[in-house]
Amino acid sequence: MTLTDMLVPSYTQMLRALDNWLAKAAEHGSGDAVMAARLAPDMFPLATQIRFACVQVQEGLYRLRGEAFPPSVAALLDEGRLGGERPGTITDARARIAESLALVERIGSDMPAIEADAPIAHALPQGLVFDLSAQQFVRDWALPQFYFHVMTAYAILRAHGVALGKVDYVAHMFAYLRPGTAPGA
(Lines give C-alpha, C1' and ligand atoms only; values in the text may rest on other atoms or scores of the structure.)
Protein backbone atom coordinates (compact mmCIF):
# COMPACT_ATOMS: atom_id res chain seq x y z
CA MET A 1 0.00 0.00 0.00
CA THR A 2 1.29 3.44 -0.91
CA LEU A 3 0.75 6.74 0.86
CA THR A 4 -1.36 7.84 -2.08
CA ASP A 5 -3.49 4.71 -1.62
CA MET A 6 -4.28 5.99 1.86
CA LEU A 7 -5.00 9.61 0.97
CA VAL A 8 -6.90 9.51 -2.31
CA PRO A 9 -9.70 7.11 -1.28
CA SER A 10 -10.09 8.81 2.10
CA TYR A 11 -10.34 12.25 0.53
CA THR A 12 -12.76 11.03 -2.12
CA GLN A 13 -15.05 9.11 0.24
CA MET A 14 -15.30 11.82 2.84
CA LEU A 15 -15.66 14.72 0.40
CA ARG A 16 -18.56 12.84 -1.21
CA ALA A 17 -20.05 12.25 2.23
CA LEU A 18 -19.65 15.94 3.11
CA ASP A 19 -21.39 16.90 -0.13
CA ASN A 20 -24.26 14.52 0.69
CA TRP A 21 -24.57 16.00 4.18
CA LEU A 22 -24.86 19.46 2.69
CA ALA A 23 -27.52 18.21 0.28
CA LYS A 24 -29.46 16.97 3.32
CA ALA A 25 -28.90 20.33 5.03
CA ALA A 26 -30.37 22.11 2.01
CA GLU A 27 -33.44 19.85 2.23
CA HIS A 28 -33.67 20.33 6.00
CA GLY A 29 -35.05 23.81 5.69
CA SER A 30 -32.61 25.78 7.83
CA GLY A 31 -31.29 27.32 4.65
CA ASP A 32 -27.93 28.92 4.24
CA ALA A 33 -27.97 30.21 7.83
CA VAL A 34 -26.41 26.91 8.90
CA MET A 35 -23.21 27.96 7.10
CA ALA A 36 -22.55 30.45 9.93
CA ALA A 37 -23.24 27.90 12.68
CA ARG A 38 -20.51 26.92 15.14
CA LEU A 39 -20.08 24.21 17.75
CA ALA A 40 -18.62 26.70 20.21
CA PRO A 41 -18.11 30.47 20.12
CA ASP A 42 -14.33 30.13 19.71
CA MET A 43 -14.55 27.63 16.84
CA PHE A 44 -14.79 28.35 13.14
CA PRO A 45 -18.24 28.11 11.50
CA LEU A 46 -19.41 25.41 9.13
CA ALA A 47 -18.39 27.49 6.10
CA THR A 48 -14.80 27.54 7.34
CA GLN A 49 -14.72 23.87 8.30
CA ILE A 50 -15.71 22.93 4.75
CA ARG A 51 -13.15 25.21 3.15
CA PHE A 52 -10.40 24.07 5.48
CA ALA A 53 -11.22 20.42 4.71
CA CYS A 54 -10.75 21.31 1.04
CA VAL A 55 -7.48 23.07 1.87
CA GLN A 56 -6.24 19.94 3.62
CA VAL A 57 -6.92 17.90 0.49
CA GLN A 58 -4.90 20.24 -1.69
CA GLU A 59 -2.16 20.64 0.89
CA GLY A 60 -1.76 16.90 1.31
CA LEU A 61 -1.58 16.13 -2.39
CA TYR A 62 0.66 19.02 -3.42
CA ARG A 63 3.04 18.60 -0.50
CA LEU A 64 3.51 14.91 -1.29
CA ARG A 65 4.08 15.82 -4.94
CA GLY A 66 6.78 18.25 -3.82
CA GLU A 67 4.99 21.07 -5.63
CA ALA A 68 4.21 24.62 -4.56
CA PHE A 69 0.65 25.26 -3.54
CA PRO A 70 -1.49 26.75 -6.30
CA PRO A 71 -3.37 30.05 -5.74
CA SER A 72 -6.53 28.04 -4.99
CA VAL A 73 -5.10 27.12 -1.57
CA ALA A 74 -4.69 30.78 -0.59
CA ALA A 75 -8.17 31.56 -1.94
CA LEU A 76 -9.73 28.77 0.14
CA LEU A 77 -7.81 29.85 3.23
CA ASP A 78 -8.99 33.44 2.78
CA GLU A 79 -12.60 32.31 2.26
CA GLY A 80 -12.32 30.12 5.34
CA ARG A 81 -10.83 32.83 7.54
CA LEU A 82 -13.71 35.11 6.56
CA GLY A 83 -16.31 32.37 7.01
CA GLY A 84 -17.78 33.99 10.10
CA GLU A 85 -18.37 37.29 8.32
CA ARG A 86 -19.15 35.91 4.86
CA PRO A 87 -20.20 32.28 5.20
CA GLY A 88 -21.61 32.01 1.71
CA THR A 89 -24.23 29.48 0.73
CA ILE A 90 -24.60 25.73 0.79
CA THR A 91 -24.30 25.90 -2.99
CA ASP A 92 -20.96 27.73 -2.65
CA ALA A 93 -19.68 25.10 -0.24
CA ARG A 94 -20.77 22.25 -2.49
CA ALA A 95 -18.94 23.92 -5.38
CA ARG A 96 -15.71 23.97 -3.31
CA ILE A 97 -16.17 20.28 -2.55
CA ALA A 98 -16.74 19.52 -6.24
CA GLU A 99 -13.56 21.43 -7.12
CA SER A 100 -11.63 19.42 -4.54
CA LEU A 101 -13.02 16.13 -5.80
CA ALA A 102 -12.03 17.08 -9.35
CA LEU A 103 -8.52 17.86 -8.13
CA VAL A 104 -8.25 14.52 -6.35
CA GLU A 105 -9.37 12.75 -9.52
CA ARG A 106 -7.00 14.78 -11.70
CA ILE A 107 -3.76 14.74 -9.73
CA GLY A 108 -4.45 11.94 -7.25
CA SER A 109 -4.37 9.38 -10.02
CA ASP A 110 -1.06 10.74 -11.29
CA MET A 111 0.92 10.83 -8.05
CA PRO A 112 4.61 10.00 -8.25
CA ALA A 113 5.99 7.16 -6.17
CA ILE A 114 6.68 8.52 -2.71
CA GLU A 115 9.13 6.90 -0.37
CA ALA A 116 7.65 6.56 3.13
CA ASP A 117 10.82 7.96 4.68
CA ALA A 118 11.14 10.92 2.29
CA PRO A 119 11.65 14.09 4.34
CA ILE A 120 8.91 16.69 4.48
CA ALA A 121 9.28 20.05 6.18
CA HIS A 122 5.77 21.10 7.11
CA ALA A 123 5.65 24.83 7.83
CA LEU A 124 2.66 26.52 9.43
CA PRO A 125 1.79 30.21 9.02
CA GLN A 126 2.70 30.89 12.67
CA GLY A 127 6.32 30.00 11.92
CA LEU A 128 6.27 26.47 13.32
CA VAL A 129 8.06 23.92 11.16
CA PHE A 130 7.64 20.18 11.61
CA ASP A 131 10.24 17.81 10.19
CA LEU A 132 8.43 14.64 9.22
CA SER A 133 8.80 11.66 6.98
CA ALA A 134 6.21 11.39 4.20
CA GLN A 135 4.56 8.56 6.14
CA GLN A 136 4.40 10.66 9.30
CA PHE A 137 3.00 13.59 7.33
CA VAL A 138 0.17 11.44 5.93
CA ARG A 139 -0.55 9.59 9.19
CA ASP A 140 -0.02 12.38 11.71
CA TRP A 141 -1.01 15.52 9.81
CA ALA A 142 -2.75 15.17 6.44
CA LEU A 143 -5.44 12.66 7.40
CA PRO A 144 -6.07 13.85 10.99
CA GLN A 145 -6.41 17.51 9.93
CA PHE A 146 -8.75 16.59 7.08
CA TYR A 147 -10.92 14.40 9.30
CA PHE A 148 -11.01 17.05 12.04
CA HIS A 149 -12.65 19.55 9.70
CA VAL A 150 -14.97 16.97 8.11
CA MET A 151 -16.08 15.64 11.50
CA THR A 152 -16.60 19.15 12.86
CA ALA A 153 -18.80 19.93 9.85
CA TYR A 154 -20.78 16.74 10.57
CA ALA A 155 -21.20 17.73 14.22
CA ILE A 156 -22.36 21.25 13.34
CA LEU A 157 -24.94 19.89 10.92
CA ARG A 158 -26.18 17.34 13.49
CA ALA A 159 -26.34 19.99 16.20
CA HIS A 160 -28.54 22.09 13.91
CA GLY A 161 -31.07 19.34 13.27
CA VAL A 162 -29.89 17.88 9.98
CA ALA A 163 -30.90 14.22 10.01
CA LEU A 164 -27.50 12.57 9.82
CA GLY A 165 -26.42 9.33 11.41
CA LYS A 166 -23.53 6.92 11.37
CA VAL A 167 -24.76 5.50 8.07
CA ASP A 168 -24.15 8.93 6.50
CA TYR A 169 -20.63 9.06 7.91
CA VAL A 170 -19.61 5.63 6.63
CA ALA A 171 -21.81 5.37 3.54
CA HIS A 172 -18.75 4.22 1.56
CA MET A 173 -18.66 1.02 3.62
CA PHE A 174 -21.80 -0.35 1.97
CA ALA A 175 -19.70 -1.21 -1.09
CA TYR A 176 -18.12 -3.90 1.11
CA LEU A 177 -21.31 -5.24 2.71
CA ARG A 178 -21.57 -9.00 2.46
CA PRO A 179 -24.84 -9.90 0.72
CA GLY A 180 -27.52 -11.17 3.04
CA THR A 181 -26.02 -9.67 6.21
CA ALA A 182 -28.02 -6.45 6.42
CA PRO A 183 -30.81 -6.46 9.02
CA GLY A 184 -34.04 -7.61 7.44
CA ALA A 185 -32.20 -9.17 4.49
Side-chain angles (χ1 to χ4, degrees), residues 1-23 43-44 46-81 83 92-126 128-157 164 166-177:
M1 175 179 279
T2 68
L3 296 174
T4 303
D5 292 338
M6 293 176 65
L7 280 181
V8 170
S10 295
Y11 287 160
T12 301
Q13 292 165 174
M14 296 314 295
L15 285 170
R16 286 182 181 150
L18 184 56
D19 185 60
N20 288 333
W21 306 340
L22 288 173
M43 291 183 76
F44 285 118
L46 177 61
T48 300
Q49 301 300 337
I50 293 164
R51 275 136 180 110
F52 284 3
C54 293
V55 165
Q56 293 303 319
V57 167
Q58 291 193 35
E59 179 185 278
L61 293 174
Y62 283 109
R63 193 166 304 278
L64 285 176
R65 290 174 70 91
E67 296 176 10
F69 296 154
S72 56
V73 172
L76 280 169
L77 284 170
D78 288 343
E79 281 182 22
R81 290 181 186 120
D92 296 335
R94 293 185 74 194
R96 295 299 172 263
I97 294 167
E99 292 163 3
S100 295
L101 278 166
L103 176 83
V104 171
E105 289 175 17
R106 189 175 70 253
I107 72 169
S109 63
D110 185 33
M111 292 289 286
I114 304 153
E115 295 296 324
D117 61 352
I120 291 185
H122 181 59
L124 298 180
Q126 305 89 334
L128 299 170
V129 179
F130 296 94
D131 291 313
L132 306 161
S133 69
Q135 180 179 9
Q136 291 165 329
F137 172 74
V138 168
R139 181 192 66 214
D140 300 337
W141 181 264
L143 285 174
Q145 288 296 314
F146 172 70
Y147 275 101
F148 173 85
H149 295 295
V150 169
M151 192 59 225
T152 302
Y154 175 92
I156 290 169
L157 291 167
L164 298 174
K166 187 74 169 253
V167 70
D168 298 291
Y169 189 77
V170 294
H172 60 277
M173 289 301 297
F174 289 98
Y176 312 113
L177 183 65

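None of the values given here were measured: they were computed from a predicted structure.
Pairing each heavy atom of L61 with each of M111, the nearest pair is O-CE, 3.7 Å. Residues Y11 and Q56 share a closest heavy-atom pair of OH-O, 3.4 Å. Residues A116 and L3 come closest through the heavy atom pair CA-CD1, 4.2 Å. Looking at every heavy atom in both residues, Y176 comes nearest to Q13 through OH-OE1, 4.2 Å. In plain terms, the two heavy atoms of T4 and G108 that are nearest each other are CG2-O, 3.6 Å. Heavy-atom minimum distance, G83 versus T48: CA-OG1, 3.4 Å.
Put simply, CD on E79 and CZ on R96 are 4.0 Å apart, with the number rounded to the nearest 0.5 Å. To the nearest 0.5 Å, atom CG of residue L46 and atom CG of residue L157 are 5.0 Å apart. Note that CG of L18 is 7.0 Å distant from SG of C54, once rounded to the nearest 0.5 Å. To the nearest 0.5 Å, atoms OG1 (T12) and CG (L101) are separated by 6.0 Å. Interatomic distance, CD1 of I97 versus CG of D19, reported as 5.0 Å (0.5 Å rounding). Rounding to the nearest 0.5 Å places CD1 of I114 at 4.5 Å from CG of L64.
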Derivation and outcome, side-chain hydrogen bond (donor to acceptor under 3.5 Å, both in side chains), residues E99 and S72: CA-CA 10 Å; E99 292 163 3; S72 56; over 6 Å; no
Show your working on side-chain contact (heavy atoms from CB on, under 4.5 Å) between I156 and W21 and close with a plain yes or no. CA-CA 11 Å; I156 290 169; W21 306 340; over 6 Å; no
Given the rule in the side-chain contact (heavy atoms from CB on, under 4.5 Å) test, do L103 and Q58 qualify, once you have shown the distances and angles that lead to the verdict? CA-CA 8 Å; L103 176 83; Q58 291 193 35; 3.3 Å; yes
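In this structure, L76 and F69 have side chains that are not in contact, with every pair of non-hydrogen atoms separated by 4.5 Å or more. Between F146 and V57 there is a side-chain heavy-atom pair separated by less than 4.5 Å. Between M14 and H172, the closest side-chain pair of non-hydrogen atoms falls below 4.5 Å. For the pair Q145 and F52, the minimum side-chain heavy-atom distance is 4.5 Å or more.
In this structure a side-chain-to-backbone donor-acceptor pair under 3.5 Å is present from Q49 to F44. Judged by distance alone, with hydrogens and angles left aside, the side-chain atoms of R65 form a donor-acceptor pair with the main-chain N or O of I107 at under 3.5 Å. In terms of modelled atom types and a separation under 3.5 Å, the side chain of D5 and the main chain of T2 share a donor-acceptor contact.
Residue pairs meeting the ring-ring contact (aromatic ring centres under 6.0 Å, His included) criterion with at least one member in residues 101-126, sequence neighbours excluded: H122-F137, H122-W141.
The residues R81 and D78 are annotated as salt-bridged, a charged nitrogen and a carboxylate oxygen being separated by less than 4.0 angstrom.
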